[in-house]
Asker: 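First the structure, which I've put down as structure tokens, then a few questions once you've had a look.
All of these numbers come straight from a predicted model, not from anything done at the bench.
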Amino acid sequence: QVQLVESGGGLVQAGGSLRLSCAASGRASSNYAMGWFRQAPGKEREFVGAISTSGRSTDYADSVKGRFTISRENAENTMYLQMNSLKPEDTAVYYCAARPSWATSRMLSRYDYWGQGTQVTVSS
């Protein structure tokens, strides 16, 4: 079992920045690739980005590429999502997730563990 807890969400103006954190605990979380997903009201949960176990491989949705950066600090069992140049359409609940593989994936079904989510609201 891996437990995930997100933090760092909040209200920010368009063009601003936020840094989300995902703290992992439990079974060898460094052996899990991790991802960020988001869900806006009335919409399906969607892929934002993912990072491999080593941190050397990352993948991003086209909508956030160049604005968001994922990193992880395995010694601290923590993954981060640095969000810059935020837009109102980035408003959503952001979830972190973990999958028992070294490789990233864009598919929700490939992730076994999920956090409870943190709200990000970007005002125009």
Asker: Decide if atom CD of Q116 counts as having more than 12 heavy atoms of other residues, nucleotides or ligands within a radius under 6.0 Å.
Answerer: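 Yes, the 6.0 Å shell around CD holds more than 12 heavy atoms from other groups.
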
Asker: Should I51 and M79 be marked as a side chain to side chain contact (heavy atoms under 4.5 Å, CB included) after you check the CA-CA gap, both sets of side-chain angles, and the distance that decides it?
Answerer: CA-CA 9 Å; I51 188 166; M79 175 179 64; 3.8 Å; yes

Asker: Kindly give the cluster partners of F37, where membership spreads through any ILVMFWY side chain lying under 4.5 Å from a current member.
Answerer: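 When side chains under 4.5 Å apart are linked, the cluster holding F37 also contains F47, V93, Y95, L108, Y111, W114.
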
Asker: Quick check: does any side chain N or O of S52 sit under 3.5 Å from a backbone N or O of S57, one acting as donor and the other as acceptor?
Answerer: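 Indeed, once roles are kept as given, a pair shorter than 3.5 Å links the two residues.
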
Asker: Of the non-hydrogen atoms in R110 and S105, which two are nearest, and what is the gap between them?
Answerer: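 In terms of heavy atoms, the two residues are closest at CG-OG, 3.4 Å.
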
Asker: Is a donor on one side and an acceptor on the other found under 3.5 Å between the side chain of R67 and the backbone of S85?
Answerer: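 Yes: the side chain of R67 pairs with the backbone of S85.
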
Asker: Any heavy-atom pair between the side chains of W102 and N31 that's under 4.5 Å?
Answerer: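 Heavy-atom side-chain distance check fails, nothing below 4.5 Å.
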
Asker: Starting at CD of E89, measure out to NZ of K43 and round the result to the nearest 0.5 Å.
Answerer: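 So the gap between those two atoms works out to 8.5 Å.
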
Asker: If we only count heavy atoms from C-beta on, is the V48 to Y60 side-chain gap below 4.5 Å?
Answerer: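 With C-beta onward as the side chain, the pair stays apart.
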
Asker: For residues A103 and A33, report the shortest heavy-atom separation together with the two atoms involved.
Answerer: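 Taking every non-hydrogen atom into account, O-CB, 3.1 Å.
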
Asker: Less than 4.5 Å apart, side chain to side chain, heavy atoms only: is that true for T78 and R72?
Answerer: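 Result no, sub-4.5 Å side-chain heavy-atom pair not found.
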
Asker: Is Y80 reachable from F68 through a run of hydrophobic residues whose side-chain heavy atoms are each under 4.5 Å from the next?
Answerer: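 Different clusters: F68 never reaches Y80 through Ile, Leu, Val, Met, Phe, Trp or Tyr contacts under 4.5 Å.
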
Asker: Would you mind checking if K87 and D90 are paired as a salt bridge, meaning a charged N to carboxylate O distance below 4.0 Å?
Answerer: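 The answer is no: the pair does not qualify as a salt bridge.
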
Asker: Side chains of D59 and R106, heavy atoms from C-beta outward: is any pair under 4.5 Å?
Answerer: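 Counting from C-beta outward, D59 and R106 do come under 4.5 Å.
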
Asker: Exactly one of R38, Q119, E6 should register a side-chain hydrogen bond (donor to acceptor under 3.5 Å, both in side chains) with Y94. Which one does?
Answerer: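 Checked R38, Q119, E6 against Y94; only one passes side-chain hydrogen bond (donor to acceptor under 3.5 Å, both in side chains): R38.
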
Asker: Considering all heavy atoms of both residues, which atom of N74 and which atom of S30 are nearest to each other, and what is their separation?
Answerer: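 Between these two residues, the closest heavy atoms are CG-CB, 3.9 Å.
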
Asker: Might you confirm whether atom CZ of R45 has over 12 heavy atoms from other residues, nucleotides or ligands at distances under 6.0 Å?
Answerer: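 It does: R45 CZ has more than 12 such atoms within range.
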
Asker: Mind checking whether L18 and L86 have side chains closer than 4.5 Å, heavy atoms only?
Answerer: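 In contact.
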
Asker: Taking the side chain as every heavy atom from C-beta outward, state whether Q39 and E46 have any pair of such atoms under 4.5 Å apart.
Answerer: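 In short, these two side chains do not touch, never coming nearer than 4.5 Å.
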
Asker: For S17 and N84, does a side-chain donor sit closer than 3.5 Å to a side-chain acceptor?
Answerer: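 A pair is found: one side chain offers a donor N or O, the other an acceptor, under 3.5 Å apart.
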
Asker: Where do T53 and M34 land on the side chain to side chain contact (heavy atoms under 4.5 Å, CB included) test, with the steps shown first?
Answerer: CA-CA 7 Å; T53 51; M34 299 184 73; over 6 Å; no

Asker: Looking at every heavy atom in both M83 and V120, which two are closest together, and how far apart are they?
Answerer: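 Minimum heavy-atom separation between M83 and V120: CE-CG2, 3.9 Å.
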
Asker: Going by heavy atoms in the side chains, are R99 and Y113 under 4.5 Å from each other?
Answerer: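 Sidechains of Y113 and R99: no contact.
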
Asker: I want to check something: taking the side chain as every heavy atom from C-beta on, are T118 and L20 in contact at a cut-off of under 4.5 Å?
Answerer: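 Contact flag for T118/L20 side chains = yes.
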
Asker: Using 0.5 Å steps for rounding, measure from the CD atom of Q3 to the OG atom of S25.
Answerer: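 Result: 4.5 Å between the selected atoms.
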
Asker: Which atoms form the tightest heavy-atom contact between I70 and G49, and what is the distance?
Answerer: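 Distance-wise, the nearest heavy atoms are CD1-C, 3.1 Å.
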
Asker: Provide the closest heavy-atom pair for A40 versus A92 in the form atom of the first, atom of the second, distance.
Answerer: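 What the structure gives for the nearest pair is N-CB, 3.8 Å.
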
